[in-house]
Structure formats: structure tokens, C-alpha cells
Amino acid sequence: MSALNRWKLLWSYLRRQDDVRALPVEYIVETTARCNIYCPMCPRETHPQPKEDMDEQVFRRLVDESAGTAEHMMLIGLGEPLLDPRIFDRIVYCEQHGISTLISTNGTLLDEKAAARLLDSPLSHITLSFDGYSRETFEFYRKGAKFDRVRDNFVRFCRMKHERGSKLKITVQMVRMDGNRHEEADFIRFWRGVPGVDLIRVKEDETNLLRPEPRGRQPKHPCHYLWRGAMYVRHNGDVYPCCQSYMLDGQPVGSLRRQSLREIFNGAPMRQMRRLHAQGRAAEIDICARCCTVIPHPILAAGSLLLHGRIVRALLPLVERWSYRLFGGRMLKPQAAPAPQPLVQIGPAGRGPSDSR
């Protein structure tokens, strides 16, 4: 059923259909909105979050309704996953429904006990976020986190994984920003020497907080997130077409508290967004006109639907690296339009054109 679902999504994407009789293969699920550090590049600093966790009924509804079609869930959002008291149970529940999981952690709570529980769980992938090589740089971007403690937590976790022979994939990731790009080589050299690390990833900052906000952007290709996912599910059950849409003050396209997953994914707001992207009018959508996430070439987008979501997630950093080495990033870069178009705010009611913020 999973492969058939992917073929349906691929067919709809290639034909630019707004009516999609399938479900996404990936989801970003905010199981908690709580966090214990302050990061100047994090959207939660402009979007204050409640100290709440996702209701178990909402989480189980998402997993139950997506079982058989969902292949990968990233149990992350604007909170620290290890603050969710149910995170280990949620990982198991996904595995019981054939869905692989990923979490990303700031490492402040990854003590030896938590490390052992993660390694004993069916978690398939973890990203260790470490935005700098020096104490000064790290603690500037991760205020409230102690450099030595987090580094030691991460190194111990990687070594425990190596000693156990665990199949868990570990990615150590740095987000490249103006204040840490000079440390990239040292960052890579240090983590390359830690046993248990599977991948070292240095990625571009995809938020709008530490750089000017783009406007009037016109993607050259339709955004495959609207067909493939990952859809973004907030802790309160609100569903957004992608992770950027909430950070850009977009409206939810539905709620799992009131609608089924199929009703949301093929509802009027999602169909309107797909239609505008297919017609080359993505810049008319408020959130899409201001989004700074790269949209891959259709060849890469189609490839992401030919392979299982778990494999795609594992290959993504390698695809990014080789795309830039071989093609200068052309297969991952969108095309910008010189002039903005009238903006459309997509909401639950499928409202028409309106002024931007």
C-alpha cells in the first residue's frame, strides 16, 4: 500500500493535479511546544509557544489514519522532543504502525539514561544540533545550553551507539550562519573523529529571522511538499502544508481535532495551493512568496517519491552536497520573479486574494 500511495502521489505531481487521492509519505509532528533554551534563529522567538504537549488522542489519530501510507515521521517542531514525557512511547507507536521516526535534539537532556532509552527504542534517525565549534559561538546561538555539557552528551551518545553496534543513524548538524561559517572546517574535523557518527551535515539557515525576508519570489517549479509532504502538524492538532507555512504566519489548512487526515490533505485550501503552483502563480500565495526554502528540480522531487521516505531522509544531505559540487546547486535553487504579485492568504475557508501583512 505504501508503494501504491507513492505512485499515486508521483502521478498527481507530474500531472500537476490539485485533486490528490493519496496521503503524504512524510510528516513533521510537533509532539511538544516546550523548549528549554533560547536560539535567536528559531521561529519560536517570534512566535511565542505555550508550555504544552500534543494530546495523545490527536497523535494516535494521525498515526492511525496515516498507517499504510506514511513512511517517515519527524517528531520535531518548535519544541525539544526530550521534554515530551511520552516521546519514547510515541516512537514505539509509530514503529508498530510501520512508520520510521526521526528526532532532533539540542542535547541538554541527553544524559546517559536518556541515551540508553533512545538506543533501546526503534528510533531510526536522530539529528544532534550543534551550531558551532567554539564555546563562544555555540553559546551565542544556543543560549541556555552549556557547550561542554552538550558536547559531552553528544560524544557519549555516539560512542554508546558505536559500542552497541546500533543501527540508529546519527547526523551531527550545524546550521550555517554569518557567525559560525568560519568554524565549518573545524566542526567537520572534530565530529569526523567521533565514533558512531554516520553523517556530518552543514546546512543553510532556512528561517527568515537572521536575514532579510524575500518577497515576490516565484518558484520555477511547483513545490513538491504540496503533494509529497512533509505536512506540519502542530501540538494542538492544527495542520499546515509545510513547516515553513506556520513560521510565515500562514493559516492552518485543517485540524485533526475536527477533520480526518484525508479531508485535510485534499481539502479546498490544499487544492487551491496546488492549483496556483501548477499554474506558475505560486508568488500569489502569501507564504510561498516569502518562503526561503529551496525547491528541488522536478527530477529530484520525482526521485523522492520513487524511494521509501526513510531512504530519502537518509540520502537528503548527500544529494544536497553533490548537487552543489556537480551542478553548483542549480537543481536545488528556485527562480525568483522580479516583481511581486497580488498575494493570496490560504486558510481553512479557502479565502480569495487579500492584502499581505
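The model shown is predicted, which means the values in this text are computed figures rather than measured ones.
- Every residue was checked against the side-chain hydrogen bond (donor to acceptor under 3.5 Å, both in side chains) condition with His182, not counting sequence neighbours, and none meets it.
- Other residues, nucleotides and ligands place no more than 12 heavy atoms under 6.0 Å from the CD atom of Glu136.
- Around atom OH of Tyr225, no more than 12 heavy atoms belonging to other residues, nucleotides or ligands sit under 6.0 Å away.
- The closest side-chain donor-acceptor pair between Asp111 and Asn153, if any, does not fall under 3.5 angstrom.
- Atom CZ of Arg257 sits in a crowded spot, with more than 12 heavy atoms from other residues, nucleotides or ligands closer than 6.0 Å.
- Across all their heavy atoms, Arg164 and Asp120 have their closest contact at NH1-OD1, 2.7 Å.
- No more than 12 heavy atoms of other residues, nucleotides or ligands lie within 6.0 Å of CD in Gln57, so this atom counts as exposed by the packing criterion.
- Residues Leu23 and Leu306 share a single hydrophobic cluster, defined by chaining ILVMFWY side chains whose heavy atoms lie under 4.5 Å apart.
- Partners of His125 under the side-chain hydrogen bond (donor to acceptor under 3.5 Å, both in side chains) rule, at least two apart in sequence or in another chain, are Thr171.
- By the side-chain hydrogen bond (donor to acceptor under 3.5 Å, both in side chains) test, Ser304 pairs with Arg228, sequence neighbours left out.
- Side-chain atoms of Val197 and Arg192, non-hydrogen and from C-beta on, never get closer than 4.5 Å to each other.
- At least one side-chain heavy atom of His221 sits under 4.5 Å from a side-chain heavy atom of His297.
- Here the side chains of Ile103 and Thr31 are not in contact, with every heavy-atom distance at 4.5 Å or above.
- Applying side-chain contact (heavy atoms from CB on, under 4.5 Å) to Met174 and the options Arg181, Lys203, Glu184 leaves one that passes, Glu184.
- Between atom SG of residue Cys242 and atom CG of residue Leu248 there is a gap of 7.5 Å, rounded to the nearest 0.5 Å.
- Between the OG1 atom of Thr32 and the CD1 atom of Ile76 there is a distance of 13.0 Å, given to the nearest 0.5 Å.
- For the residue pair Asn106 and Glu80, a side-chain donor N or O sits within less than 3.5 Å of a side-chain acceptor on the partner.
- Taking a cutoff of 4.0 Å between a charged side-chain nitrogen and a carboxylate oxygen, Asp53 and Arg86 do not qualify as a salt bridge.
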Donor-acceptor pairs under 3.5 angstrom involving side-chain atoms of residues 58-66: please list them, not counting sequence neighbours.
| residue | atom | partner | partner atom | Å |
| --- | --- | --- | --- | --- |
| Arg60 | NE | Glu56 | OE2 | 2.9 |
| Arg61 | NE | Glu65 | OE2 | 2.8 |
| Arg61 | NH1 | Leu256 | O | 2.9 |
| Arg61 | NH2 | Gln259 | O | 3.2 |
| Asp64 | OD1 | Tyr93 | OH | 2.6 |
| Asp64 | OD1 | His97 | NE2 | 3.2 |
| Asp64 | OD2 | Tyr93 | OH | 3.4 |
| Glu65 | OE1 | Leu261 | N | 2.7 |
| Ser66 | OG | Leu62 | O | 2.7 |
| Ser66 | OG | Val63 | O | 3.4 |

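- Put simply, the side chain of Val150 reaches to within 4.5 Å of the side chain of Phe138, judged on heavy atoms.
- With sequence neighbours excluded, no residue forms a salt bridge (charged side-chain N to carboxylate O under 4.0 Å, His left out) with Lys169.
- Judged by distance alone, the side chains of Glu183 and Thr137 do bring a donor and an acceptor atom under 3.5 Å apart.
- Checked against the 6.0 Å centroid criterion, the rings of Phe130 and Phe147 qualify as a close aromatic pair.
- Contact check for Val25 versus His72: no side-chain heavy atoms found under the 4.5 Å cut-off.
- The pair Arg290-Asp286 counts as a salt bridge, with a side-chain nitrogen and a carboxylate oxygen less than 4.0 angstrom apart.
- The closest side-chain heavy-atom distance from Phe154 to Val172 is not below 4.5 Å.
- The shortest heavy-atom contact between Ser245 and Ile287 is CB-CD1, 3.4 Å.
- By the 4.5 Å heavy-atom criterion applied to side chains, Tyr246 and Leu78 are counted as neighbours.
- Under the side chain to side chain contact (heavy atoms under 4.5 Å, CB included) criterion, Cys243 pairs with Ile28, Tyr232, not counting sequence neighbours.
- Note on Asp18 versus Arg274: no salt bridge recorded, every NZ/NE/NH1/NH2 to OD/OE distance being 4.0 Å or above.
- The shortest distance between side-chain heavy atoms of Leu128 and Cys158 falls below 4.5 Å.
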